[in-house]
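Below you'll find the structure, written out as structure tokens, and then a few comments.
Numbering starts at 1 and runs along the sequence shown.
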Amino acid sequence: MTDTTPLEVAPAVRNFLDLSDAGGDGIAAMINNAQDRKRARRGWPKGRVDTDQPLAGHVLAMVFEKSSTRTRASFDIAMRQLGGTALVLDAATTQLGRGESIADTARVLSRMADAIMVRTDDHAKIEEMAHHAHVPIINGLTDRSHPCQIVADLLTMIEHRKALPGLEVAWFGDGNNVLHSILEAAALMKFNVRVATPKGYEPSGEFVGMARDAGCSVTLTDDASTAAAGADVIVTDTWVSMGQDHAAAKLDAMQPYRVDSALMAKAKSDAVFLHCLPAHVGDEVSGEVFEGPQSVVFDEAENRIHAQKSILLWCFGKLG
Ligand code: CP
Ligand code: NVA
């Protein structure tokens with residue numbers, strides 16, 4: 001019998017381009033699943049497969065147009081622990097780097113892999129990839145947002161006894177992609193955000209509006225002390241994101257936003273310090289804070305694996 005199914009009709013797929021794709025319930029399901037799986041594997045060697053192997057036989061293709069340590073390693077290990085496999089495609093050494101279209105790349109990889117993670121610059125590129133792909137597309141960071149990081153960050157906050165609703169999260173430095181996803185998370189999980197940036201480096205109004213429209217308090221200030229006062233969570237990130245210039249004017253403007261011991265002392269005494277890494281110790285964070293007792297940055301980094309697993313399971317319709 002002839003198969004008359006059109007070749008290029010995409011079935012409904014769950015993309016994870018931003019946190020809102022999963023919604024508050026989806027994110028909550030991810031965090032619960034990540035906690036359960038993390039607990040179940042305590043003390044296990046990292047290569048051992050989870051007992052249920054929910055993604056046995058599945059392949060994740062990862063396309064990187066920018067560098068990565070955590071995202072690359074955690075997705076790879078997450079797929080192995082879930083019973084599947086992953087492969088890395090460095091965009092520069094693929095035909096994408098020689099001008100093959102995103103549309104064709106998406107259609108080809110959809111025939112070979114069960115999901116595609118993409119790290120790139122322009123967010124429009126992953127939207128285009130999602131438009132043409134037949135399998136879930138996961139945002140592994142764009143210039144606009146970094147949703148996978150924030151699932152790990154939320155997990156880390158909760159592990160350190162910070163219940164999300166009503167939490168006061170304070171951000172210092174550049175109003176960048178990571179902050180955008182924190183603001184989107186605030187809208188979904190109902191916490192408040194204080195943002196201290198130099199003038200001209202504020203986050204996009206779209207993300208600020210998202211959190212405010214959801215009833216969250218978002219304070220935008222150029223005074224770091226105001227943002228830190230009484231905060232539960234202190235967060236920063238590099239002053240110069242991938243693809244940006246190390247402009248002297250920007251680095252000068254950022255100096256008052258370094259997270260140091262004096263700034264940490266203004267937050268609640270049990271506040272935790274988060275940084276997605278890689279860190280530039282001495283710039284956005286002092287060595288004392290980075291290595292200090294309130295820093296949970298390596299729990300946060302480990303949690304990338306547990307978070308990626310729940311993101312993958314959500315994308316494959318096995319969660320939420
Ligand atoms: N935090 C983060 O995304 O790290 P990588 O750039 O190393 O993936
Ligand atoms: N804001 C940083 C995050 C790196 C994980 C960047 O985009 O380079």
Side-chain angles (χ1 to χ4, degrees), residues 7 10-17 21-22 26 29-30 33-97 100 102 104-120 125-126 129-130 132-142 146-149 151-152 155 301-320:
L7 286 176
V13 295
R14 278 184 167 183
N15 298 312
F16 190 64
L17 304 191
D21 289 331
M30 288 178 190
N33 183 270
Q35 283 183 305
D36 289 346
R37 283 186 182 278
K38 181 174 181 179
R39 207 174 292 121
R41 336 183 16 96
R42 196 152 286 155
W44 285 16
K46 296 171 184 69
R48 191 191 290 181
V49 177
D50 285 4
T51 314
D52 56 346
Q53 301 197 37
L55 296 188
H58 290 67
V59 178
L60 172 73
M62 297 190 272
V63 180
F64 284 97
E65 286 199 308
K66 287 178 170 180
S67 304
S68 170
T69 299
R70 278 144 291 269
T71 305
R72 174 178 170 165
S74 59
F75 266 114
D76 191 330
I77 295 161
M79 279 304 289
R80 292 180 204 214
Q81 290 186 357
L82 293 171
T85 54
L87 72 148
V88 170
L89 298 161
D90 170 15
T93 57
T94 64
Q95 300 293 4
L96 196 58
E100 186 169 13
I102 289 173
D104 289 356
T105 305
R107 288 183 289 180
V108 169
L109 291 180
S110 294
R111 300 293 184 97
M112 298 183 177
D114 300 294
I116 307 168
M117 189 234 74
V118 185
R119 170 169 283 197
T120 187
K125 290 187 186 174
I126 56 163
M129 186 78 96
H132 294 284
H134 307 169
V135 298
I137 300 294
I138 300 173
N139 175 1
L141 178 147
T142 65
H146 195 4
C148 296
Q149 177 68 51
V151 179
L155 173 60
E302 177 193 328
N303 281 338
R304 293 298 303 278
I305 292 187
H306 309 296
Q308 313 302 32
K309 287 163 76 172
S310 62
I311 292 165
L312 287 160
L313 291 173
W314 181 83
C315 287
F316 284 111
K318 294 180 184 289
L319 194 67

Rounded to the nearest 0.5 Å, what separates atom [atom1] in [X] from atom [atom2] in [Y]?
X: L87; Y: M62; atom1: CG; atom2: CE; result: 7.5 Å
X: S74; Y: H306; atom1: OG; atom2: NE2; result: 10.0 Å
X: L82; Y: L313; atom1: CG; atom2: CG; result: 5.0 Å
X: Q149; Y: R304; atom1: CD; atom2: CZ; result: 4.5 Å
X: L155; Y: N33; atom1: CG; atom2: CG; result: 10.5 Å
X: L109; Y: H132; atom1: CG; atom2: NE2; result: 13.5 Å

Answer yes or no: is there a side-chain heavy-atom contact under 4.5 Å between [X] and [Y]?
X: K46; Y: Q81; result: yes
X: P136; Y: W314; result: no
X: L17; Y: M129; result: no
X: L319; Y: M30; result: yes
X: K318; Y: L55; result: yes
X: D50; Y: K309; result: yes
X: E65; Y: K125; result: yes
X: H58; Y: L312; result: no

Worksheet item: Applying ring pair (Phe, Tyr, Trp, His ring centres under 6.0 Å), which residue pairs with at least one partner in residues 63-86 are found, sequence neighbours left out?
Response: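 Matches after skipping sequence neighbours: none remain.
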Minimum heavy-atom distance between [X] and [Y], given as atom pair plus value:
X: A34; Y: S310; value: CB-OG, 4.0 Å
X: W44; Y: V49; value: CZ3-O, 3.6 Å
X: A133; Y: S110; value: CA-OG, 3.3 Å
X: D114; Y: G57; value: OD2-O, 3.8 Å
X: V135; Y: N15; value: O-OD1, 3.9 Å

Practice prompt. Could you give me the CA-CA distance, side-chain angles and deciding distance for Q308 and I77, then say whether side-chain contact (heavy atoms from CB on, under 4.5 Å) is met?
Written response: CA-CA 9 Å; Q308 313 302 32; I77 295 161; over 6 Å; no
Worksheet item: For atom CZ of R41, is the number of surrounding heavy atoms from other residues, nucleotides or ligands below 6.0 Å larger than 12?
Response: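 Yes, enclosed.
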Worksheet item: Are any side-chain N or O atoms of R119 and backbone N or O atoms of K66, one a donor and one an acceptor, separated by less than 3.5 Å?
Response: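 Side chain of R119 to backbone of K66, a donor-acceptor pair under 3.5 Å: no, none is there.
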Worksheet item: Considering the options N139, T71, V63, I137, which one meets the side-chain contact (heavy atoms from CB on, under 4.5 Å) requirement together with M117?
Response: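 The residue from N139, T71, V63, I137 that satisfies side-chain contact (heavy atoms from CB on, under 4.5 Å) with M117 turns out to be T71.
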Item to complete: Using the side-chain contact (heavy atoms from CB on, under 4.5 Å) rule, take D104 and Q95 through it: C-alpha gap first, then chi angles, then the decisive distance, then the call.
Response: CA-CA 10 Å; D104 289 356; Q95 300 293 4; over 6 Å; no
Discussion item. Whether R72 and D90 form a salt bridge (side-chain N of Lys/Arg under 4.0 Å from carboxylate O of Asp/Glu) is what I want to check.
Written reply: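 Salt bridge between D90 and R72, a charged N being under 4.0 Å from a carboxylate O: no.
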